[in-house]
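Quick notes on the structure that follows.
The first residue in the sequence is number 1, and the count goes up from there.
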Amino acid sequence: MTESSISISNLLDKQNNGLEIERIVKQGELDYLEATTQWLEENSISVTDHSKYLPRTIVEKIMDEAIGTNRLRPSFSATKKSNSLASLD
């Protein structure tokens with residue numbers, strides 16, 4: 001295997017990628033969207049290819065953050081449910 005094929009196979013490990021993004025978030029300076037964007041840029045991965053590289057849990061955390069911080073258009077937010085209990089009020 002060449003170095004580039006080893007690198008590509010490492011990037012296809014969604015679980016490891018998710019752990020790396022979690023590590024960035026735990027440093028406290030970036031939220032999930034920012035940390036994921038940074039990770040994608042550092043690895044020269046297009047945002048449109050995210051599903052090949054990111055675990056579903058990271059995508060869900062980004063969606064929950066986006067809904068919680070009103071980063072989504074109201075029409076889109078209304079169709080998505082957050083995993084919090086706040087909606088039960």
Side-chain angles (χ1 to χ4, degrees):
M1 281 187 151
T2 65
E3 185 177 325
S4 63
S5 64
I6 292 171
S7 176
I8 291 170
S9 67
N10 286 343
L11 286 176
L12 291 174
D13 182 351
K14 289 183 178 185
Q15 182 177 1
N16 188 49
N17 299 343
L19 292 172
E20 180 64 22
I21 292 167
E22 290 282 355
R23 185 189 61 75
I24 295 169
V25 171
K26 286 183 182 176
Q27 291 175 350
E29 296 179 18
L30 303 176
D31 61 19
Y32 281 97
L33 178 59
E34 295 164 334
T36 301
T37 302
Q38 175 183 308
W39 184 87
L40 289 168
E41 288 174 355
E42 287 174 356
N43 290 288
S44 301
I45 298 171
S46 170
V47 174
T48 58
D49 290 333
H50 77 276
S51 62
K52 294 180 191 175
Y53 302 97
L54 301 178
R56 183 75 192 141
T57 55
I58 294 296
V59 175
E60 289 171 357
K61 288 178 181 182
I62 292 170
M63 290 295 294
D64 287 344
E65 273 185 356
I67 291 168
T69 59
N70 295 319
R71 287 184 175 174
L72 298 176
R73 291 187 319 255
S75 60
F76 188 78
S77 294
T79 63
K80 300 295 178 185
K81 293 184 179 178
S82 177
N83 289 336
S84 75
L85 296 176
S87 61
L88 296 177
D89 291 338

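Residues that satisfy the side-chain hydrogen bond (donor to acceptor under 3.5 Å, both in side chains) test with S44, not counting sequence neighbours, are absent from this structure. Evaluation of the side-chain hydrogen bond (donor to acceptor under 3.5 Å, both in side chains) rule for E42 yields Q38 as partners, not counting sequence neighbours. Applying the side-chain hydrogen bond (donor to acceptor under 3.5 Å, both in side chains) rule to T69 yields no partners; only residues at least two apart in sequence or on another chain are considered.
Formation of a donor-acceptor pair under 3.5 Å by the N17 side chain with backbone atoms of L11 is found in this model.
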Show your reasoning for whether side chain to side chain contact (heavy atoms under 4.5 Å, CB included) applies to N10 and N16. CA-CA 8 Å; N10 286 343; N16 188 49; 5.7 Å; no
Audit row: K61, E22, side chain to side chain contact (heavy atoms under 4.5 Å, CB included) steps and yes/no = CA-CA 10 Å; K61 288 178 181 182; E22 290 282 355; 2.5 Å; yes
Item to check | Full working for side chain to side chain contact (heavy atoms under 4.5 Å, CB included) between W39 and L54 | outcome: CA-CA 10 Å; W39 184 87; L54 301 178; 4.0 Å; yes
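Around CD of Q27, the count of heavy atoms belonging to other residues, nucleotides or ligands within 6.0 Å exceeds 12.
A salt bridge is defined here as a Lys NZ or Arg NE, NH1 or NH2 lying under 4.0 Å from an Asp or Glu carboxylate O, and R71 with E65 fails to meet this definition.
The two residues P55 and G18 make their nearest non-hydrogen contact at CG-CA, 3.7 Å. Shortest non-hydrogen contact noted between V25 and A35 is CG2-CB, 3.6 Å.
The structure places CG of D31 at 11.5 Å from CD1 of I24, a figure rounded to the nearest 0.5 Å. Separating the CD1 atom in I62 from the OG1 atom in T37 is a distance of 7.0 Å, to the nearest 0.5 Å. Here OG1 of T36 is found 4.0 Å from CD1 of I21. Values are rounded to the nearest 0.5 Å.
Following chains of ILVMFWY side-chain contacts shorter than 4.5 Å, one can reach L12 starting from I58, so the two form part of one hydrophobic cluster.
At a threshold of 4.5 Å between non-hydrogen side-chain atoms, the residues R23 and K26 do not count as touching.
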